Amino acid sequence: MRSRPLFVVMILVAVATCLRLGVWQLDRLHQRRAANAALLGARALPPVALPGPRAPAQGLRVAARGEFDLGHQFVLRGRAWEGAPGVEVATPLHIEGSDTALLVLR
(Lines give C-alpha, C1' and ligand atoms only; values in the text may rest on other atoms or scores of the structure.)
Protein backbone atom coordinates (compact mmCIF):
# COMPACT_ATOMS: atom_id res chain seq x y z
CA MET A 1 0.00 0.00 0.00
CA ARG A 2 2.84 2.44 0.70
CA SER A 3 4.21 2.07 -2.80
CA ARG A 4 1.03 3.28 -4.51
CA PRO A 5 1.40 7.02 -3.52
CA LEU A 6 5.09 6.88 -4.47
CA PHE A 7 4.16 5.40 -7.85
CA VAL A 8 1.56 8.15 -8.45
CA VAL A 9 4.12 10.85 -7.57
CA MET A 10 6.68 9.32 -9.95
CA ILE A 11 4.08 9.22 -12.75
CA LEU A 12 3.13 12.87 -12.12
CA VAL A 13 6.79 13.92 -12.22
CA ALA A 14 7.29 12.04 -15.49
CA VAL A 15 4.18 13.65 -17.02
CA ALA A 16 5.29 17.14 -15.92
CA THR A 17 8.76 16.53 -17.36
CA CYS A 18 7.35 15.39 -20.70
CA LEU A 19 5.02 18.39 -20.87
CA ARG A 20 7.89 20.78 -20.15
CA LEU A 21 10.06 19.15 -22.82
CA GLY A 22 7.20 19.49 -25.31
CA VAL A 23 6.91 23.23 -24.56
CA TRP A 24 10.68 23.54 -24.94
CA GLN A 25 10.53 21.83 -28.35
CA LEU A 26 7.81 24.24 -29.53
CA ASP A 27 9.90 27.19 -28.32
CA ARG A 28 12.90 25.89 -30.27
CA LEU A 29 10.70 25.50 -33.36
CA HIS A 30 9.70 29.17 -33.17
CA GLN A 31 13.33 30.22 -32.68
CA ARG A 32 14.48 28.19 -35.70
CA ARG A 33 11.69 29.56 -37.88
CA ALA A 34 12.62 33.13 -36.91
CA ALA A 35 16.31 32.47 -37.64
CA ASN A 36 15.47 30.88 -41.00
CA ALA A 37 13.25 33.84 -41.93
CA ALA A 38 16.06 36.27 -41.07
CA LEU A 39 18.54 34.31 -43.22
CA LEU A 40 16.13 34.15 -46.14
CA GLY A 41 15.61 37.91 -45.85
CA ALA A 42 19.37 38.50 -45.88
CA ARG A 43 19.79 36.26 -48.95
CA ALA A 44 17.23 38.35 -50.82
CA LEU A 45 19.36 41.49 -50.39
CA PRO A 46 21.94 42.42 -53.03
CA PRO A 47 25.53 41.39 -52.23
CA VAL A 48 27.72 43.79 -50.23
CA ALA A 49 30.82 44.93 -52.12
CA LEU A 50 34.15 44.37 -50.39
CA PRO A 51 36.12 46.26 -49.30
CA GLY A 52 33.42 48.44 -47.88
CA PRO A 53 32.92 51.03 -45.16
CA ARG A 54 31.70 48.39 -42.72
CA ALA A 55 31.97 44.67 -42.17
CA PRO A 56 28.96 42.77 -43.52
CA ALA A 57 26.56 41.23 -41.02
CA GLN A 58 26.37 37.49 -40.63
CA GLY A 59 24.27 35.85 -43.31
CA LEU A 60 24.77 38.57 -45.92
CA ARG A 61 26.20 37.76 -49.31
CA VAL A 62 29.37 39.56 -50.35
CA ALA A 63 31.03 40.29 -53.67
CA ALA A 64 34.77 40.76 -53.90
CA ARG A 65 37.32 41.03 -56.68
CA GLY A 66 40.88 39.96 -56.24
CA GLU A 67 43.42 37.27 -56.83
CA PHE A 68 43.62 33.84 -55.24
CA ASP A 69 46.84 33.05 -53.36
CA LEU A 70 47.22 29.40 -54.35
CA GLY A 71 50.54 29.15 -52.53
CA HIS A 72 48.82 29.55 -49.17
CA GLN A 73 45.74 27.40 -49.65
CA PHE A 74 45.18 24.53 -47.26
CA VAL A 75 42.96 21.49 -46.88
CA LEU A 76 40.44 21.03 -44.06
CA ARG A 77 40.13 17.30 -43.51
CA GLY A 78 37.38 15.35 -41.80
CA ARG A 79 34.48 17.23 -43.40
CA ALA A 80 31.22 15.65 -44.47
CA TRP A 81 28.80 16.75 -47.15
CA GLU A 82 25.41 15.08 -47.51
CA GLY A 83 26.65 12.16 -45.45
CA ALA A 84 29.76 11.49 -47.56
CA PRO A 85 33.27 12.00 -46.15
CA GLY A 86 35.45 14.57 -47.84
CA VAL A 87 37.63 17.65 -47.50
CA GLU A 88 37.30 21.39 -48.05
CA VAL A 89 39.95 23.56 -49.67
CA ALA A 90 40.41 27.05 -48.19
CA THR A 91 42.20 29.59 -50.39
CA PRO A 92 43.02 33.19 -49.45
CA LEU A 93 41.58 35.80 -51.81
CA HIS A 94 43.59 39.04 -51.79
CA ILE A 95 41.06 41.80 -52.38
CA GLU A 96 42.20 44.22 -55.06
CA GLY A 97 42.86 47.72 -53.79
CA SER A 98 43.30 46.51 -50.22
CA ASP A 99 45.81 44.68 -48.04
CA THR A 100 43.03 42.39 -46.80
CA ALA A 101 42.54 38.74 -47.68
CA LEU A 102 39.45 36.58 -47.30
CA LEU A 103 39.43 32.83 -46.83
CA VAL A 104 37.25 31.25 -49.51
CA LEU A 105 36.05 27.66 -49.10
CA ARG A 106 36.16 26.08 -52.54
Side-chain angles (χ1 to χ4, degrees):
M1 272 304 203
R2 282 185 67 188
S3 64
R4 179 172 259 170
L6 180 62
F7 180 72
V8 170
V9 168
M10 288 175 44
I11 293 296
L12 290 175
V13 168
V15 167
T17 301
C18 289
L19 287 174
R20 180 63 189 119
L21 288 173
V23 170
W24 174 74
Q25 284 289 329
L26 289 174
D27 187 44
R28 287 289 298 143
L29 173 66
H30 296 304
Q31 290 174 2
R32 291 294 301 161
R33 284 184 175 167
N36 288 342
L39 285 175
L40 284 175
R43 288 181 62 184
L45 297 174
V48 176
L50 291 181
R54 62 179 178 84
Q58 181 181 359
L60 288 181
R61 295 183 307 149
V62 297
R65 290 181 180 257
E67 188 173 320
F68 284 111
D69 184 1
L70 300 178
H72 288 97
Q73 72 182 1
F74 54 94
V75 175
L76 300 168
R77 300 186 195 296
R79 305 294 181 173
W81 186 66
E82 294 183 358
V87 298
E88 289 178 344
V89 178
T91 307
L93 173 70
H94 292 284
I95 299 174
E96 64 183 39
S98 173
D99 61 347
T100 304
L102 296 175
L103 280 179
V104 178
L105 294 178
R106 307 189 312 153

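In this chain, residues are counted from 1 in sequence order. All of these numbers come straight from a predicted model, not from anything done at the bench.
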Anything under 3.5 Å between a donor and an acceptor, one on a side chain of residues 64-77, the other on a protein residue two or more places apart or in another chain? List them.
unit_1, atom_1, unit_2, atom_2, d
D69, OD1, G71, N, 3.4
D69, OD1, H72, ND1, 3.3
D69, OD2, H72, ND1, 2.6
D69, OD2, H94, NE2, 3.3
Q73, OE1, T91, OG1, 2.8
Q73, OE1, R106, NH2, 3.4

Cut-off 3.5 Å, no hydrogens considered: what does the side-chain donor-acceptor table look like for residues 14-30, sequence neighbours left out?
unit_1, atom_1, unit_2, atom_2, d
T17, OG1, V13, O, 2.8
D27, OD2, Q31, NE2, 3.3
R28, NH1, Q31, OE1, 2.8

What donor-acceptor contacts under 3.5 angstrom involve side-chain atoms of residues 81-88, with partners at least two apart or in another chain?
none

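The other residues sharing a hydrophobic cluster with L6 are M10, where clustering joins ILVMFWY side chains under 4.5 Å apart. Taking a 4.5 Å side-chain heavy-atom cut-off between Ile, Leu, Val, Met, Phe, Trp and Tyr, the cluster of V8 extends to L12.
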